[in-house]
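A short write-up of the structure that comes next.
A note on names: the letters A, B, ... follow the listed sequences, proteins ahead of strands, and every chain is numbered from 1.
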Protein chains: 2
Amino acid sequence: MFNSSEIDNCEVRIIHQDVVDKVVASLPPDEELYDLAELFKVFGDSTRIKILSALLEHEMCVCDIAAALGMTQSAISHQLGVLKRAKLVKFRREGKVVYYSLDDDHVKQVFEQGFSHIKEIYSGK
Amino acid sequence: MFNSSEIDNCEVRIIHQDVVDKVVASLPPDEELYDLAELFKVFGDSTRIKILSALLEHEMCVCDIAAALGMTQSAISHQLGVLKRAKLVKFRREGKVVYYSLDDDHVKQVFEQGFSHIKEIYSGK
DNA sequence: CAATCATTTCAACATCTGTTCATATGTTCA
DNA sequence: TGAACATATGAACAGATGTTGAAATGATTG
């Protein structure tokens, strides 16, 4: 009825069945990998990286961050919302002013880990 | 001619000049922060995370990765190209087949660093 | 060389994402 | 309470990104 080439045209060929099986079995659940990608996605924007880099140095309020980066308060506030939802920053309110800071050392570690990676790459390894 | 409120309407207000100055001085060059964001951007896609997670376990060829993830060879190849350009994976050719693997331990470290972060968050910290 | 196969590349489409502008909260102080 | 101010939010637009299907490479084998 169908020859093998017709069927294969709609399927992905497997060359090493044993490796595929092993890898599929060892793969973390989709949801965790999805969450991991979401985490890195938050780090993957230069505005947010700049904000994190600033907060690495000192706790700051929104308008000071905006001034330091030369951007709109609105834009900064939007990105702080993203960072907040990802639990990368925490904040405290003091009167009208809201101060932001890094949530925990984990953020700092990921940040610095990535940094040393690009240093390694661009220095000819 | 202009009063201060008119001028301020077009500018970002600074509350703590000292902090702003200090942070601006300590900020890494824009180019480095941009590259850092680009690096995390590569990690920030669930397909690429799945590929990296698979390669963490075993060296694999394109069609086996496609089979393991249930995706098109074209899509996988495209993402492998992104990972290759970011120097996150390396490859070797053996006849018709191209085998991909993680480029260095740094990749593994960033991956696992991020993983432990989301574990921490979702376990109620 | 011709056929086959693994992989890559291309163009196109749909979706996602960041910024802007305008407006809404919420707080302080007169 | 009302004016001034710091921040947050919503809608909308522009640009970036991932997947797809088709066509193009590059490599092996008969």
Side-chain angles (χ1 to χ4, degrees), chain A residues 3-16 19-20 34 37-38 40-51 59-67 69-86 89-100, chain B residues 3-16 19-20 34 37-38 40-51 59-86 89 91-100:
Chain A
N3 64 36
S4 73
S5 79
E6 275 180 282
I7 293 175
D8 284 351
N9 280 336
C10 307
E11 310 261 339
V12 172
R13 280 169 220 277
I14 295 178
I15 295 182
H16 309 85
V19 172
V20 173
Y34 180 80
E38 288 303 303
F40 286 124
K41 204 171 287 182
V42 174
F43 281 94
D45 173 77
S46 50
T47 297
R48 289 191 293 267
I49 281 288
K50 284 179 191 172
I51 293 176
E59 175 190 65
M60 292 179 90
C61 68
V62 180
C63 70
D64 281 353
I65 299 175
L69 306 191
M71 294 183 66
T72 306
Q73 286 186 10
S74 178
I76 298 299
S77 182
H78 271 296
Q79 299 304 350
L80 281 170
V82 175
L83 293 168
K84 199 193 299 177
R85 265 171 255 128
V89 300
K90 59 180 191 286
F91 64 99
R92 67 184 179 85
R93 177 157 222 145
E94 198 170 285
K96 284 180 285 193
V97 184
V98 178
Y99 293 94
Y100 282 87
Chain B
N3 65 37
S4 72
S5 78
E6 274 178 283
I7 293 174
D8 285 351
N9 281 335
C10 305
E11 311 261 338
V12 171
R13 280 169 219 279
I14 295 178
I15 296 182
H16 309 85
V19 173
V20 173
Y34 180 81
E38 288 303 304
F40 286 124
K41 203 173 286 183
V42 175
F43 281 95
D45 173 78
S46 49
T47 296
R48 288 192 293 267
I49 281 288
K50 283 178 192 172
I51 293 176
E59 174 191 64
M60 292 178 89
C61 69
V62 179
C63 70
D64 281 352
I65 299 175
L69 305 191
M71 295 184 66
T72 304
Q73 287 186 9
S74 178
I76 299 298
S77 180
H78 195 44
Q79 299 303 351
L80 281 171
V82 176
L83 292 168
K84 199 193 301 177
R85 264 172 258 128
V89 300
F91 63 100
R92 66 184 179 86
R93 177 158 222 144
E94 197 169 286
K96 283 180 286 194
V97 184
V98 178
Y99 294 94
Y100 283 88

Establish, with yes or no, whether the OP1 or OP2 oxygen of [N] is under 4.0 angstrom from a side-chain nitrogen or oxygen of [X].
X        : N      : answer
A:Lys96  : D:dT7  : no
A:Tyr100 : D:dA8  : yes
B:Arg13  : D:dT7  : no
A:Gln79  : C:dT19 : yes
B:Thr72  : D:dT19 : no
A:Arg48  : C:dG18 : yes

Can you tell me which nucleotide in [options] comes closest to the side chain of [X]?
X       : options              : answer
B:Ala75 : D:dA6, D:dT19, C:dT7 : D:dT19
B:Cys63 : D:dT19, C:dT7, C:dT8 : C:dT7
A:Val62 : C:dT7, D:dT19, D:dA8 : D:dA8
A:Arg93 : D:dA8, C:dT27, C:dT7 : C:dT27

Take atom [atom1] of [X] and atom [atom2] of [N], then tell me their distance rounded to the nearest Å.
X       : N      : atom1 : atom2 : value
B:Ile51 : D:dT19 : CD1   : C1'   : 12 Å
B:Phe91 : C:dT7  : CZ    : P     : 12 Å
A:Asp64 : D:dC5  : CG    : P     : 16 Å

State, with a plain yes or no, whether a side-chain heavy atom of B:Ile49 is found less than 4.5 Å away from one of B:Asp45. no
Quick one: are A:Gln79 and A:Ile76 in side-chain contact, heavy atoms under 4.5 Å? no
Please name the residue in the list B:Val89, B:Leu83, B:Asp64, B:Ile51 that meets the side-chain contact (heavy atoms from CB on, under 4.5 Å) test with B:Tyr100. B:Val89
Does B:His78 contact D:dT17 through a side-chain donor or acceptor facing the base, at a distance under 3.5 Å?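 When only heavy-atom distances are counted, B:His78 does not reach the base of D:dT17 through any donor-acceptor pair under 3.5 Å.
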Polar side-chain contact B:Ser74-C:dT9 base: donor and acceptor under 3.5 Å: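 Check passes, donor-acceptor contact within cut-off.
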Please compare A:Gly44 and A:Glu94 by the position of their nearest nucleotide in DNA chain C and report the one closer to 5'.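 The answer here is A:Gly44.
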Would B:Lys84 pass as a cation-pi partner of B:Phe91, given that its NZ or CZ must be under 6.0 Å from the six-membered ring centre and within 45 degrees of the axis? yes
